[in-house]
Amino acid sequence: MGVIETLITERISREGAIHFTLLDPEKASPEKSERISVAAEKAGSAGIMIGGSTLSSIDLLNNVIRSIKRSVKLPVIIFPNNITSISPYADAIWFMSLLNSTNPYFIIGAQALGAPAIKETGLETIPLGYLIIGEGGAAGFIGQANPIPYDKPEIAAMYALAAQFLGMRFVYLEAGSGVKSPIPPNMIQIVKKATGSRLVVGGGIRAKEDAFQSVLAGADILVTGTAIEDEINAEENISKFVDGMHSAVERRKSG
Ligand code: 1GP
């Protein structure tokens with residue numbers, strides 16, 4: 001386990017759950033990303049994830065990461081969509097496989113193509129099984145996923161368990177950026193029971209209650225992006241998710 005993964009897992013153990021802020025370089029310029037990251041750090045977010053389903057400019061990715069690193073101490077983790085998402089300026093990269101893609105390129109092809117470049121940069125890799133659930137948004141479309149229906153949590157649990165057996169220490173339940181409704185808490189709960197991997201949950205989380213329910217159900221890492229994209233009240237919005245998350249952790253302890 002590398003430095004960043006150790007830091008993340010220790011923080012999850014200490015705090016019960018953590019929040020990550022997702023920034024898409026195609027939607028947030030380097031300056032805007034820097035301002036949102038400062039707000040995220042103040043609001044109690046534990047890390048910044050950088051990525052977007054249609055991102056292809058390495059320059060843009062590098063510039064966004066460099067400006068964030070100038071202003072915040074939070075770890076910056078790449079959330080790659082393809083082999084163009086490799087930057088030496090980040091702290092780590094989710095080394096992820098879209099397990100329910102219908103195209104082997106997104107399961108192992110891109111990973112093999114990108115692996116030598118990642119090794120050269122010295123980037124820390126964190127193994128992640130990525131599952132597209134429900135609507136799936138742009139990630140589902142681009143990744144040619146066969147999305148798991150919201151009312152079939154047992155299928156998500158099977159995939160999550162397989163991911164764990166393959167050595168993936170994190171599993172991401174992805175509803176898709178900007179979707180109408182987040183992953184159902186019932187699904188999170190069933191997946192959590194089935195797997196020993198850390199559970200990342202994101203897509204469509206807008207309200208404090210969504211954060212509360214997701215964490216109460218068992219999310220270890222909560223990811224939000226769209227809610228802060230327009231930059232208006234970014235700090236307030238992230239605080240809202242962090243508060244919801246903390247209340248859920250307290251409720252878990254008492255229940
Ligand atoms: C997308 O899960 C993330 O990859 C975050 O989704 O933009 O809907 O918060 P939102």
Side-chain angles (χ1 to χ4, degrees), residues 8 17-28 32-33 36-37 39-40 43 45-55 61 64 76-82 85 93-101 106 126 128-145 147-148 150 156 160 170-185 187-188 191 198-215 217-242 244-245:
I8 293 170
I18 59 176
H19 174 269
F20 278 176
T21 298
L22 173 65
L23 290 168
D24 181 346
E26 287 192 320
K27 293 176 183 155
K32 184 173 167 183
S33 295
I36 295 177
S37 300
S45 204
I48 307 291
M49 277 168 52
I50 307 289
S53 298
T54 53
L55 178 65
L61 177 71
V64 162
V76 174
I77 303 169
I78 299 169
F79 184 38
N81 63 315
N82 213 325
S85 297
I93 182 166
W94 287 117
F95 198 77
M96 53 197 268
S97 172
L98 207 181
L99 296 173
N100 61 328
S101 177
F106 295 104
I126 309 178
L128 172 88
Y130 191 51
L131 297 175
I132 303 272
I133 319 285
E135 216 179 302
F141 180 81
I142 299 288
Q144 297 169 39
I148 299 169
Y150 270 9
F170 293 81
V171 170
Y172 195 138
L173 299 182
E174 172 69 271
S177 186
V179 297
K180 284 178 225 79
S181 58
I183 305 280
M187 178 180 273
I188 300 173
V191 172
R198 302 279 186 188
L199 214 54
V200 187
V201 174
I205 295 169
R206 298 284 166 281
K208 183 176 176 176
E209 181 65 14
D210 299 332
F212 176 81
Q213 293 298 343
S214 304
V215 174
D220 295 296
I221 302 178
L222 199 68
V223 181
T224 62
T226 304
I228 42 87
E229 238 158 44
D230 61 7
E231 213 189 325
I232 302 164
N233 303 330
E235 190 178 334
E236 212 174 297
N237 273 333
I238 298 171
S239 297
K240 171 179 88 180
F241 298 132
V242 171
M245 183 181 76

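Numbering of ligands and ligand atoms starts at 1, following listing order. Computed over heavy atoms, backbone and side chain alike; hydrogens, waters and symmetry mates excluded. These numbers come from a predicted model, not from an experiment.
Leu99 contributes atom CG, which lies 8.5 Å from atom CG of Leu128 (distance to the nearest 0.5 angstrom). With rounding to the nearest 0.5 Å, the separation of OG in Ser214 from CE in Met187 is 12.5 Å. Separation of atoms CZ (Phe106) and CD1 (Ile132) is listed at 10.5 Å; rounding is to 0.5 Å.
Ligand 1 lies nowhere less than 4.0 angstrom from a heavy atom belonging to Glu229. The closest approach between Ala227 and ligand 1 stays at or above 4.0 Å for every heavy atom of the residue.
Of the candidates Asn81, Asn82, Val64, Leu55 forms a side-chain contact (heavy atoms from CB on, under 4.5 Å) with just one, namely Asn81.
Between Arg206 and Thr226 the shortest side-chain heavy-atom distance falls below 4.5 Å.
Closest protein heavy atom to atom 10 (P) of ligand 1: Thr226 OG1, 3.5 Å. In terms of protein heavy-atom proximity, atom 9 (O) of ligand 1 is closest to Gly225 N, 2.8 Å.
For Phe170, the ring-ring contact (aromatic ring centres under 6.0 Å, His included) criterion is met by Trp94, not counting sequence neighbours.
In this structure, the side chain of Thr224 does not engage the main chain of Thr21 through any donor-acceptor pair within 3.5 Å.
Taking only nitrogen or oxygen atoms, main chain and side chain alike, Gly203 reaches within less than 3.5 Å of ligand 1.
Heavy atoms of Arg206 found under 4.0 angstrom from ligand 1 belong exclusively to the side chain. With a heavy-atom cut-off of 4.0 Å, Tyr172 touches ligand 1 through its side chain alone. Only side-chain heavy atoms of Leu22 come within less than 4.0 Å of ligand 1; its backbone N, CA, C and O stay farther off.
Taking the six-membered ring where the residue is Trp, the centroids of Phe79 and Tyr172 are separated by under 6.0 Å.
Atom numbering of ligand 1 starts at 1 in the shown order; those under 4.0 Å from a heavy atom of Glu174 are 1 (C), 2 (O), 3 (C), 4 (O). Residue Gly178 approaches ligand 1 through these ligand atoms, each under 4.0 Å from one of its heavy atoms: 7 (O), 8 (O), 10 (P). Close contacts of ligand 1 with Phe79, meaning ligand atoms under 4.0 Å from a residue heavy atom, involve 4 (O). Counting atoms of ligand 1 from 1 in the listed order, those under 4.0 Å from a heavy atom of Gly202 are 2 (O). Atoms of ligand 1 lying under 4.0 Å from at least one heavy atom of Thr224, given by number and element, are 9 (O).
Taking a 6.0 Å sphere around CZ of Phe141, one finds it holds 12 or fewer heavy atoms contributed by other residues, nucleotides or ligands.
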